[in-house]
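Remember, predicted model here, so these are calculated numbers, not experimental data. Atoms within a ligand are numbered from 1 in the order they appear, just like the ligands themselves.
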Amino acid sequence: MQDIKELSLKELEDKLFSLGNPKYYARDIFRWIYQKGALDFNRISSLPATLREKLSAEFRITGLTLADKQVSSDRTVKFLFELVDKNRVEAVIIPAPGRVTGCISSQAGCKFACNFCASGLKGFKRNLSAGEILEQVLYLKNASGGKLTHIVFMGTGEPLDNYDNVLKAVRLINSPQGFNIGARRITISTCGIIPGIKRLQDEDLQIELSISLHSAQDKVRSRLMPVNNKYPLGELMKCCREYTAKTNRQITFEYILIRDLNADLAAAQSLAAWLKDLKLAKINLIPANAVAELKISPPGRAQINTFKTYLSKAGLTVTLRRERGQDISAACGQLRLKYEKN
Ligand code: SAH
């Protein structure tokens, strides 16, 4: 059965026309799915019953089923979804004052095997289609009572390794006929896929870019993130400078602080040295989520503060991410991992 979310408004108009119906029904269908969260064509009361039947026979609106759900005491909710082929992906709702962020996956599994991240532990399964990315948004939107304001591609997978499907989904998330979430409220997070960042800078989309940096020393970064062997720091930073020059957009550098690995003063100095001449950069420090399988843990409060203070004094913009969902295996891929092991 075809996924209706793979169709653009224009393609749906043409499809309806070929079925002998007026094109304007396409806008109704879009409004019902993306704005009102309809998961069943029979809810779309403005369509004739015969058309609803035809659509139900030919298309599905969603193929997701919920496999597990965990609710944190801080109201973060983590979902494990099963796709039509039984692959599983995670998505999270993170409520905060004035905003509700949906964190979604772009791939089942991940190729990049960062050694602090649970997502890569079981290897790569496959890319998600644009429709499968969108139905996570649809689910989260409904689950949050329609309140979703921001989307981050920080679930399982590497979005820039599934470029076309991710961009197709981003356009629909952003489109006024789609989810109508402002581009500046959509963040793509990457482990540093240079060709993808280069393509992104030519898209003419005001979306946010996050780079998972985690170390500014090649030796350490290659150990943490094997992708650094392919796209080392020097080339990555050059690419980031080009990106900001071209787009005039700020890049956020994510930096997980991991005990005994990348959180000492020398590490902070390297980071400041790489970023000081990069205009429009922000550093987001994240105390590592402990992942038992990977033997990683966060440094102590004092070391985190020393690290942060050093960067601020060096003139960099730095924030410390509030830890959310600590009680519900919130770190990337942990809920999925629990099931993959069973
Ligand atoms: N592949 C993309 C998006 C997925 S990871 C990327 O690398 O950016 C999303 C974020 O979660 C990244 O910044 C990643 O480094 C972080 N993350 C993964 N494992 C974590 C852990 N154990 N603790 C804290 N953050 C983690």
Side-chain angles (χ1 to χ4, degrees), residues 76 78 89-92 94 101-125 127-128 133 136 150-163 165-166 169-170 186-194 196-197 200 207-216 220-221 223-228 230-231 236 240 251-263 282-299 304 319-338:
T76 300
K78 186 153 198 169
V89 294
E90 292 184 16
V92 191
I94 309 159
T101 302
C103 173
I104 58 174
S105 295
S106 56
Q107 299 179 315
C110 186
K111 293 174 192 167
F112 293 91
C114 297
N115 75 10
F116 46 81
C117 178
S119 282
L121 276 175
K122 292 281 161 180
F124 176 70
K125 298 289 197 291
N127 281 332
L128 300 192
I133 296 168
Q136 296 171 65
H150 291 68
I151 291 292
V152 297
F153 281 85
M154 293 188 184
T156 306
E158 168 49 50
L160 297 186
D161 186 49
N162 182 16
Y163 192 94
N165 294 346
V166 165
V170 163
I186 304 170
T187 300
I188 288 187
S189 181
T190 177
C191 61
I193 309 293
I194 291 177
I197 300 169
L200 206 53
I207 55 172
E208 301 293 325
L209 176 64
S210 256
I211 311 261
S212 294
L213 198 63
H214 309 327
S215 171
V220 179
R221 190 165 193 269
R223 232 179 94 200
L224 287 174
M225 308 174 70
V227 68
N228 193 64
K230 188 160 187 198
Y231 303 119
L236 179 58
C240 289
I251 298 178
T252 300
F253 292 90
E254 307 287 343
Y255 196 105
I256 304 178
L257 291 162
I258 308 171
R259 181 183 289 266
D260 299 331
L261 258 171
N262 66 354
K282 188 178 111 184
I283 302 164
N284 190 23
L285 299 175
I286 310 160
N289 276 314
V291 180
E293 292 81 356
L294 297 169
K295 299 195 175 60
I296 70 155
S297 59
I304 294 174
T319 54
L320 180 63
R321 189 190 284 174
R322 271 182 58 208
E323 292 146 83
R324 301 295 304 269
Q326 287 295 305
D327 48 342
I328 56 160
S329 45
C332 286
Q334 286 189 33
L335 184 57
R336 181 166 169 272
L337 184 64
K338 197 172 110 189

Checklist outcome for this item: So the atoms of ligand 1 within less than 4.0 Å of a heavy atom of Ile296 turn out to be 22 (N)
Checklist entry - Between Lys111, His214, Met154, Glu254, which one has a non-hydrogen atom sitting closest to atom 15 (O) of ligand 1? => result His214
Checklist outcome for this item: Closest to atom 20 (C) of ligand 1 (heavy atoms only, candidates Leu257, Ile193, Ile256, Asn289) is Ile256
Next on the checklist: Tell me whether Glu158 contacts the main-chain N or O of Cys191 through its side chain, where contact means a donor paired with an acceptor under 3.5 Å.
Outcome noted: yes
Checklist entry - Which atoms of ligand 1 have any heavy atom of Cys191 under 4.0 Å away? => result 6 (C), 7 (O), 8 (O)
Next on the checklist: If we check side-chain contact (heavy atoms from CB on, under 4.5 Å) with Leu236, which of these qualifies: Ile211, Thr190, Ile193?
Outcome noted: Ile211
Checklist entry - Of all residues at least two apart in sequence or in a different chain, which pass the ring-ring contact (aromatic ring centres under 6.0 Å, His included) check with Phe124? => result none
Checklist entry - Going by heavy atoms, is Phe153 under 4.0 Å from ligand 1? => result yes
Next on the checklist: Need the ligand 1 atom indices (1-based, order shown) with element for anything under 4.0 Å from a heavy-atom of Gly155.
Outcome noted: 4 (C)
Next on the checklist: Under 3.5 Å between any N/O of Phe116 and any N/O of ligand 1: does that happen in this structure?
Outcome noted: yes
Checklist outcome for this item: Of all heavy-atom pairs linking Ser189 and Met154, the shortest is CB-CG, 3.6 Å
Item to check | Phe153: ring-ring contact (aromatic ring centres under 6.0 Å, His included) partners, not counting sequence neighbours | outcome: none
Item to check | Distance filter under 4.0 Å to Cys117 heavy atoms, resulting ligand 1 atoms | outcome: 18 (C), 19 (N)
Item to check | Name of the residue among Asp161, Val166, Asn165 meeting side-chain contact (heavy atoms from CB on, under 4.5 Å) with Gln107 | outcome: Asp161
Checklist entry - Going by the atom numbers of ligand 1, which of them fall below 4.0 Å from some non-hydrogen atom of Gly157? => result 1 (N), 2 (C), 3 (C), 4 (C)
Checklist entry - So, for Ser105 and Ile133, which heavy atoms are closest and what is the spacing to 0.1 Å? => result O-CG1, 4.0 Å
Checklist entry - Ser212 heavy atoms, cut-off 4.0 Å: which ligand 1 atoms fall inside? => result 6 (C), 7 (O), 8 (O), 12 (C), 13 (O), 15 (O)
